[in-house]
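Okay, so here's the structure we're looking at.
Below, chain A is the first sequence line, B the second, and so on; all start at residue 1.
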Amino acid sequence: MSQPLILYNTRTRKKERFAPLQAGRVGMYTCGPTVYGPQHIGNLRSQLFADLLKRVLIAKGFALRHVINITDVGHLSDDGDDGEDKMERAATSSGERAEAIAARWTEHWRQNREALNCLPPEVLCKATEHIAEQIELGQKLEAAGHTYRLQEGIYFDIATFPAYAELARLELAGQTDAQRIEQVEAKRHPADFAIWKFSAAGVRRQQEWDSPWGRGFPGWHLECTAMSSLFLGRQFDIHTGGVDLAPVHHSNEVAQAECAFGVHPWVNFWCHNEFLDFQGVKMSKSLGNVLTLDDIAATGIPPLAFRYFFLQAHYRQQQTFTLSALRAAATGYRRLRGHADAVRQAEGDADAKRQAPWRERFASALADDLNAPRALAVVWDVVRSPELPAADQSALLQHFEPCLGLGLDEPVAAPAPEGDERIDALVAEREEARRTRAFTRADEIRNQLATEGITIEDTPEGPRWKRG
RNA sequence: GGCGCCGUAGCCAAGUGGUAAGGCACGGGACUGCAAAUCCCUGAACCCCGGUUCGAAUCCGGGCGGCGCCUCCA
């Protein structure tokens with residue numbers, strides 16, 4: 001377990017040995033949700049990735065401070081720079097206060113994470129609760145000559161930050177030719193971005209604040225820089241997010257931070273997860289091919305089966321999602337969990353020495369850029385090794401669980417006797433029929449219940465039934 | 001127009017130079033009155049072509065196909 005953790009760093013495009021700035025302590029920032037609606041399972045993949053990383057860091061013995069932000073203001077709804085704010089639009093169309101919408105979807109997101117066994121962050125911060133810090137950061141940038149004023153707002157001038165293209169290896173020259181979207185014409189460079197947007201003349205926004213530049217609201221990128229430095233300091237270890245964030249959002253964050261704080265590199269390790277593909281393309285709100293955790297739960301598949309599904313692919317690989325692939329994962333997950341349950345009470349002595357090879361293989365899989373699929377293969381090897389005493393199997397599974405977060409440490413929920421009198425009576429009648437070898441009648445009852453979606457399992461302790 | 005990723009058995013998916021992990025499904029078997037659940041056994045030479053090498057899924061070149069980013073997006 002002492003082997004070094006190797007992580008792929010987007011900043012250097014290499015797998016690197018992870019070492020924190022301060023020995024033993026890690027500061028990690030994860031870009032959180034924009035809370036104007038539900039998160040889909042593709043978004044959730046980013047949370048699962050960050051959680052896997054967090055769990056492995058903890059297993060490595062690091063003391064971790066994990067910060068996640070809630071974007072509850074300032075997100076534009078469409079291409080270009082004059083899109084409508086997503087929060088404002090959601091509020092306008094539903095007649096609710098923006099705060100109410102933000103609160104509802106923040107809670108929904110939090111419950112999703114909980115259902116997926118994502119460890120809670122040490123700090124969960126909201127953009128609207130740190131407006132002052134964002135303004136202060138903007139003023140710093142302004143004072144250092146990195147901004148200019150347009151009618152729409154205060155913009156960051158990327159020409160003042162030569163390292164702008166570094167993180168995402170951007171071709172800024174080629175970008176000028178692209179011209180695929182309408183830009184704010186007056187911008188000096190298409191990649192310049194707003195740090196503060198003005199409320200439109202005569203418009204009273206639900207979410208707006210006074211600033212030295214005028215009434216308005218902060219640009220999206222400002223919050224992450226302001227809040228991460230507030231909670232993690234001017235330089236920190238790890239920043240995570242989806243791959244799509246690197247070229248724009250994260251590049252902008254870097255520009256703001258390095259210009260305001262005079263540091264480089266601002267963040268040591270940039271870690272990005274790939275997309276979840278669905279129906280041949282990435283799952284995304286704009287394409288409309290989204291599924292939520294609620295949708296999955298509605299099919300009777302437990303949320304943790306989705307976590308298991310996630311662990312079956314490497315985080316830096318696009319993962320193909322289909323419902324049947326998820327069902328397959330759910331079957332494997334159910335069996336794995338059942339096995340963990342079965343060996344938990346095993347008699348006999350566990351022998352740490354005997355377990356060592358599996359511990360070693362599991363640890364090295366995760367240490368190698370979080371290779372969860374390989375780690376899962378080790379898990380199954382434990383389960384399918386008859387020569388390994390049950391007590392050792394159990395000890396190993398419990399040893400793995402803190403990294404996996406699959407709930408292998410919890411008893412499988414009892415088959416919940418639902419107590420439906422009619423069904424109970426039918427099941428009892430079937431039992432009686434079986435006893436008297438009236439199998440035709442017995443099967444008739446079973447088939448009848450099957451059409452209602454009820455399955456009967458005959459166990460040594462008698463029959464059991466369940467829905468689904 | 002620029003940048004990047006991927007193409008492994010029916011499906012999901014590891015493997016980045018030395019005789020191809022794992023899960024699911026299928027098939028066979030055990031168990032069962034029959035099923036279900038569970039357990040055991042079982043399958044693949046890696047998109048195509050050329051090259052490097054004693055040896056390539058793994059490196060290089062070309063081709064075909066898919067995806068992503070450069071624009072709100074995880």
Side-chain angles (χ1 to χ4, degrees), chain A residues 13 30-34 39-50 75-81 83-86 165 168-183 190-191 220 240-249 251 272-277 280-287 308-309 311-314 316-322 324-336 338-339 342 361 365 371-381 383-384 386 415 434 437-440 442-443 446-447 450 455-460 463-466:
Chain A
R13 302 286 165 104
T30 295
C31 283
T34 304
Q39 293 275 290
H40 62 250
I41 57 177
N43 296 320
L44 261 18
R45 188 181 188 199
S46 290
Q47 300 297 310
L48 285 168
F49 156 59
H75 228 159
L76 303 177
S77 64
D78 50 44
D79 294 356
D81 289 84
E84 193 184 0
D85 185 296
K86 285 177 177 174
R169 314 244 162 132
L170 300 174
E171 258 326 301
L172 291 174
Q175 217 175 322
T176 321
D177 303 325
Q179 295 185 334
R180 286 175 52 198
I181 59 157
E182 291 294 315
Q183 295 283 349
W220 172 37
T240 78
V243 275
D244 57 318
L245 296 184
V248 178
H249 182 51
S251 293
H272 295 98
N273 63 280
E274 257 297 348
F275 282 126
L276 186 68
D277 286 355
V281 291
K282 68 169 182 171
M283 181 175 288
S284 82
K285 283 169 207 158
S286 35
L287 295 173
Y308 179 91
F309 175 83
L311 292 171
Q312 284 186 311
H314 187 90
R316 277 194 298 116
Q317 219 57 54
Q318 294 173 8
Q319 183 174 19
T320 306
F321 180 89
T322 64
S324 61
L326 179 64
R327 286 210 179 90
T331 301
Y333 174 63
R334 187 187 68 228
R335 289 181 186 154
L336 175 59
H339 187 84
R361 283 202 287 141
N371 196 322
R374 230 168 80 203
L376 271 189
V378 176
V379 171
W380 280 104
D381 192 51
V383 170
R384 306 270 204 239
R434 292 180 70 211
R437 305 191 67 79
F439 296 124
T440 309
D443 291 347
R446 187 172 63 199
N447 293 336
T455 317
I456 295 180
E457 285 181 23
D458 292 325
T459 75
R464 239 187 248 154
W465 63 269
K466 62 179 181 187

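Across the strands present, B:C5 finds its partner in B:G66; the criterion is a Watson-Crick or G-U wobble pair with both atom distances under 3.5 angstrom. The pairing partner recorded for B:G33 is none, the criterion being a Watson-Crick or G-U wobble arrangement whose two distances lie under 3.5 angstrom. A 3.5 Å limit on both hydrogen-bonding distances identifies no Watson-Crick or G-U partner for B:C46. Pairing for B:U53 is absent, with no Watson-Crick or G-U wobble pair whose two atom distances lie under 3.5 Å.
Atom-to-atom, NZ of A:K285 to C1' of B:A74 comes out at 8 Å; the value is rounded to the nearest Å. Atom pair A:H40:NE2 and B:A74:C1' shows a separation of 6 Å (rounding to whole Å applied). Regarding A:R13, its CZ atom lies at a distance of 11 Å from the C1' atom of B:C5, rounded to whole Å.
In this structure, OG on A:S46 lies 7.5 Å from CG on A:D244, to the nearest 0.5 angstrom. For the atom pair CZ (A:R446) and CZ (A:F439), the distance works out to 10.5 Å, reported to the nearest 0.5 Å. For the atom pair OG1 of A:T331 and OH of A:Y308, the computed distance is 9.5 Å after rounding to the nearest 0.5 Å.
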Practice prompt. Using a 4.0 Å cut-off on protein heavy atoms (strictly under), produce a 5'-to-3' string for nucleotides 15-21 of chain B with B for base contact, S for backbone-only sugar-phosphate contact, and - for none.
Written response: S-----B
Worksheet item: Could you write nucleotides 31-42 of chain B as a row of B, S and -, 5' to 3', where a protein heavy atom under 4.0 Å of any base atom gives B, of only sugar-phosphate atoms gives S, and otherwise -?
Response: --BBBBSSSS--
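Between B:C72 and B:C67, the two P atoms lie 22 Å apart (nearest whole Å). Taking the P atom of each, B:C48 and B:C40 are spaced 35 Å apart, rounded to whole Å. For B:C59 and B:U52, the C1' atoms lie 8 Å apart once the distance is rounded to whole Å. When the C1' atom is compared between B:G17 and B:U58, the two are found 6 Å apart, to the nearest whole Å. Here, B:A13 and B:U32 have their C1' atoms 35 Å apart, quoted to the whole Å. Comparing the same atom, P, in B:A9 and in B:A14 gives a spacing of 13 Å after rounding to whole Å. When the P atom is compared between B:C39 and B:C24, the two are found 8 Å apart, to the nearest whole Å.
Residues passing the salt bridge (Lys or Arg N to Asp or Glu O under 4.0 Å) test with A:R374 are A:D368, sequence neighbours excluded. For A:H249, the ring-ring contact (aromatic ring centres under 6.0 Å, His included) partners at least two apart in sequence or on another chain are A:W220, A:H221. Judged as a side chain to side chain donor-acceptor pair (under 3.5 Å), and not counting sequence neighbours, the contacts of A:D381 are A:W358, A:R361.
Residue contacts shown for A:L44 are absent, as no nucleic acid heavy atom lies under 4.0 Å away. Using a 4.0 Å heavy-atom criterion, one finds that A:E274 contacts the bases of the nucleic acid, with or without backbone contacts as well. Residue A:G42 is in base contact, counting any heavy-atom pair closer than 4.0 Å across all strands shown. When heavy atoms are screened at a 4.0 angstrom cut-off, A:Y308 is found touching the sugar-phosphate backbone but no base atom. Backbone-only engagement by A:T320 is indicated by non-hydrogen atom pairs under 4.0 Å involving sugar-phosphate atoms exclusively.
Residue A:M283 is tested with A:N43, A:D277, A:I41 for a side chain to side chain contact (heavy atoms under 4.5 Å, CB included); the sole match is A:I41.
Residues A:A329 and A:Q312 come closest through the heavy atom pair CB-OE1, 3.6 Å. Scanning both residues, A:R45 and A:Q319, for their nearest heavy atoms gives NH1-N, 3.6 Å.
At distances below 3.5 Å, at least one donor-acceptor pair connects side-chain atoms of A:R13 with backbone N or O atoms of A:A168. Between the side chain of A:S251 and the main chain of A:A246, a donor-acceptor pair closer than 3.5 Å is present.
A:Q39 places a side-chain heavy atom less than 4.5 Å from the side chain of A:K285.
Ion pairing between a basic and an acidic side chain is recognised when a charged N comes within 4.0 Å of a carboxylate O; A:D458 and A:R434 show such pairing.
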Short N/O separations, protein against nucleotides 65-67 of chain B, under 3.5 angstrom:
{"from": "B:C67", "atom 1": "O2'", "to": "A:Q318", "atom 2": "OE1", "distance (Å)": "2.9"}
{"from": "B:C67", "atom 1": "O2'", "to": "A:Q318", "atom 2": "NE2", "distance (Å)": "3.3"}

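Nearest-nucleotide positions on RNA chain B place A:T322 closer to the 5' end than the other of A:A329 and A:T322. Residue A:A168 is the one, among A:A168 and A:I41, whose nearest nucleotide of RNA chain B lies closer to the 5' end (criterion: closest heavy atom).
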